[in-house]
Engineer: 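Below is a structure I'd like to ask you about.
First the proteins, then the strands, lettered A, B, ... as listed; each starts at 1.
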Protein chains: 2
Amino acid sequence: MSRERFKKQLFEQFARVGRVLANGHRLELVEFLAQGERAVEALAEVTGLSVANTSQHLQQLRRVGLVAARKDGLHVYYRLADPAVSKLLGAIQSIAERQFAEVDRIVRSYLTAKDGLEPVSRADLLERAARGDVTVLDVRPPVEYAAGHVPGALNVPVRELEAQLGKLPRKQEVVAYCRGPYCVLAFEAVAQLRALGFSARRLEDGFPEWRLAGLPVEESAAGTDPGPPAVVNTPATRAAPLTQGRRLRG
Amino acid sequence: MSRERFKKQLFEQFARVGRVLANGHRLELVEFLAQGERAVEALAEVTGLSVANTSQHLQQLRRVGLVAARKDGLHVYYRLADPAVSKLLGAIQSIAERQFAEVDRIVRSYLTAKDGLEPVSRADLLERAARGDVTVLDVRPPVEYAAGHVPGALNVPVRELEAQLGKLPRKQEVVAYCRGPYCVLAFEAVAQLRALGFSARRLEDGFPEWRLAGLPVEESAAGTDPGPPAVVNTPATRAAPLTQGRRLRG
DNA sequence: TTAATGTTCAATAATTCTATTGAATATTAG
DNA sequence: CTAATATTCAATAGAATTATTGAACATTAA
């Protein structure tokens, strides 16, 4: 094999990974999977894609080793193949962020209020939580909360926020978080709370980054919905063949 | 703006970066640019693309902020916009590597000899170089050598290796390196040297990774070819508009 | 000014990717 | 066994990406 051909083949392999990162829906799937494993239908709902289409995107992700899958009964649960995938997504986001005024513009145009939205750093939150002078608010759905959350965090999904205001002390600052720097749930919660007179800010990034940073994580059953088995991101079971001996139809 | 629309737009922005990483030639360009800046024609030669095509690929890389460009006289010099881009490429390569038996197969099928090709770690090389019991061999072209190399390394391009064997002491092990883990020059040099009876191994990864690791770098004029100005990877000058006031033709 | 050079632009055909549709497959429950 | 469910497969039309071509542009030198 000539050196030129060798190089072409090699970079073609690398590009296969790149191609899979070239679609917004797939990146969204990766972001969502960063929290733990999910079945196809749930992923379809989050992204707004059809189930069939979601399945195809997931298989592309799986083919290049970005996600892994595990079959349990009727469901196939997907998860990130490696925490490094989360970092890869972060790198892409940060490059996009740095480059595109547009990313900033989109974020800002969604957030009507501009001031006071500086996020709280993980270190600050950890310290203030230890002193007990802050209310930590997890605005993700109970399923995700159950799979792991910041110790001591209250779980109030955004939809129920207004109904459950009573849970929140008014004297302390509220720090809200959700899935990651671009998960809009926390933005929304902060906006709502501030509109209601609370002092509220976002945590920098979100829960996956908290976990990645090696900070303490609490796991517990959620009150309402047990959700899928709370096996979170264990890269132990490698992608076994999902279809046994199925072949093209003659 | 609804939350769904907001998310779609955001991930579409991220996917713009992903799309640019979806092509083998562009990844190859990034790998080559990891060593320092290069003019378009040189990049076209390395990748085997036409100049026009290379230019278009480079502009795609530039549009999403992966590379930056600087115009000097007739030439436009491209460079990585940020060392983080090098890491991003590395992440993609490592995922591809982990997933594809094929990547391994390609590499191995190019290397006829399998044994003794375990690379030398950077730490080992640094230590042994200090003791002087190893010959460090930089097999990249003189231009690249001049822009920065491992201290004390001899620069003998692969093509001239056989002619310049006299420079190499036979009693010491030779450690060869080039651009990165997938640069084939070092593989070739090692294969040649071993065939000639030398004890030879590769350095793990290559020079860009050496530099990224913060290890000492020596810069010097190359013997033969001064090459382009040896400004290496300074993210200081941001991409100024390259075309001044040029418009579509009526 | 003109000529030469390095780079970029614009249009095009060939290839590749995407979402949709409806059918096929595996698993569980009855 | 049959029915119901979750997922995957396969075919297809519409959209996007790629390499090629030749021309246009910007810079330097004469």
Engineer: Is the backbone N or O of A:P157 less than 3.5 Å from a side-chain atom of A:Y145, with the two atoms forming a donor-acceptor pair by type?
Structural biologist: no

Engineer: Taking the side chain of A:V40 as heavy atoms from C-beta outward, which of D:dT7, C:dT8, C:dT21 is closest to it?
Structural biologist: D:dT7

Engineer: Write down the distance between CD (B:E37) and P (C:dG6), rounded to a whole number of angstrom.
Structural biologist: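 After rounding, the gap between these two atoms is 17 Å.
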
Engineer: Nearest to the side chain of A:S55, which nucleotide is it out of C:dT21, D:dT8, C:dT8?
Structural biologist: D:dT8

Engineer: Nearest whole angstrom, please: distance from the P of C:dT21 to the CG of A:L49.
Structural biologist: 13 Å

Engineer: Could you state the CD-P distance from B:Q60 to D:dA16, rounded to the nearest angstrom?
Structural biologist: 14 Å

Engineer: Distance check: side-chain N/O of B:N23 vs OP1/OP2 of D:dT17, anything under 4.0 Å?
Structural biologist: no

Engineer: Nearest-nucleotide wise, let me know which of B:G73 and B:R19 is further upstream toward the 5' end of DNA chain D.
Structural biologist: B:R19

Engineer: Check the distance between C:dA19's C1' and B:K8's NZ and give it to me in whole angstrom.
Structural biologist: 12 Å

Engineer: Please state how far atom CZ in A:R16 lies from atom C1' in C:dC17, giving the value in whole angstrom units.
Structural biologist: 15 Å

Engineer: Tell me whether the side-chain N/O atoms of A:H25 come closer than 4.0 Å to OP1 or OP2 in C:dA19.
Structural biologist: yes

Engineer: By the definition side chain to side chain contact (heavy atoms under 4.5 Å, CB included), identify the one residue from A:E45, A:R79, A:E144, A:H75 that meets it with A:R38.
Structural biologist: A:E144

Engineer: In terms of side-chain heavy atoms of B:Q56, which of D:dT21, C:dA10, D:dA26 is nearest?
Structural biologist: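 Side chain of B:Q56 sits closest to C:dA10.
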
Engineer: Starting at atom NZ of A:K71, determine the distance to atom P of D:dT5, rounded to an integer number of angstrom.
Structural biologist: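 One finds 17 Å between P of D:dT5 and NZ of A:K71, rounded.
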
Engineer: Write down the distance between CD (A:E45) and C1' (D:dA6), rounded to a whole number of angstrom.
Structural biologist: 14 Å

Engineer: Under 4.0 Å from OP1 or OP2 of C:dT18: is there any side-chain N or O of A:H57 that close?
Structural biologist: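 Negative; the distance criterion is not met.
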
Engineer: Nearest whole Å is fine: how far is C:dA3 C1' from B:L74 CG?
Structural biologist: 12 Å

Engineer: Is A:Q59 near enough to D:dC9 that one of its side-chain N or O atoms lies under 4.0 angstrom from OP1 or OP2?
Structural biologist: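 Yes, because at least one side-chain N or O of A:Q59 sits under 4.0 Å from OP1 or OP2 of D:dC9.
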
Engineer: Could you tell me whether the phosphate oxygens of C:dT8, OP1 or OP2, come under 4.0 Å of any side-chain nitrogen or oxygen in B:Y78?
Structural biologist: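 Indeed, a polar side-chain atom of B:Y78 lies that close.
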
Engineer: Just say parallel, tilted or perpendicular for the rings of B:F14 and B:F11, cut-offs at 30° and 60°.
Structural biologist: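 If you compare the ring of B:F14 with that of B:F11, the planes turn out perpendicular.
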
Engineer: Rounded to the nearest 0.5 Å, how far apart are CG of B:L66 and CD1 of A:I92?
Structural biologist: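 So the gap between those two atoms works out to 9.0 Å.
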
Engineer: Could you pick out which residue, B:E41 or A:R26, lies toward the 5' side of DNA chain C when each is mapped onto its nearest nucleotide?
Structural biologist: B:E41

Engineer: Is the shortest side-chain N to carboxylate O distance from B:E160 to B:R140 below 4.0 Å?
Structural biologist: no

Engineer: Using a heavy-atom cut-off of under 4.0 Å over every strand shown, decide if A:A22 touches base, sugar-phosphate, or nothing.
Structural biologist: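 Counting heavy atoms under 4.0 Å across all strands, no contact is made by A:A22.
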
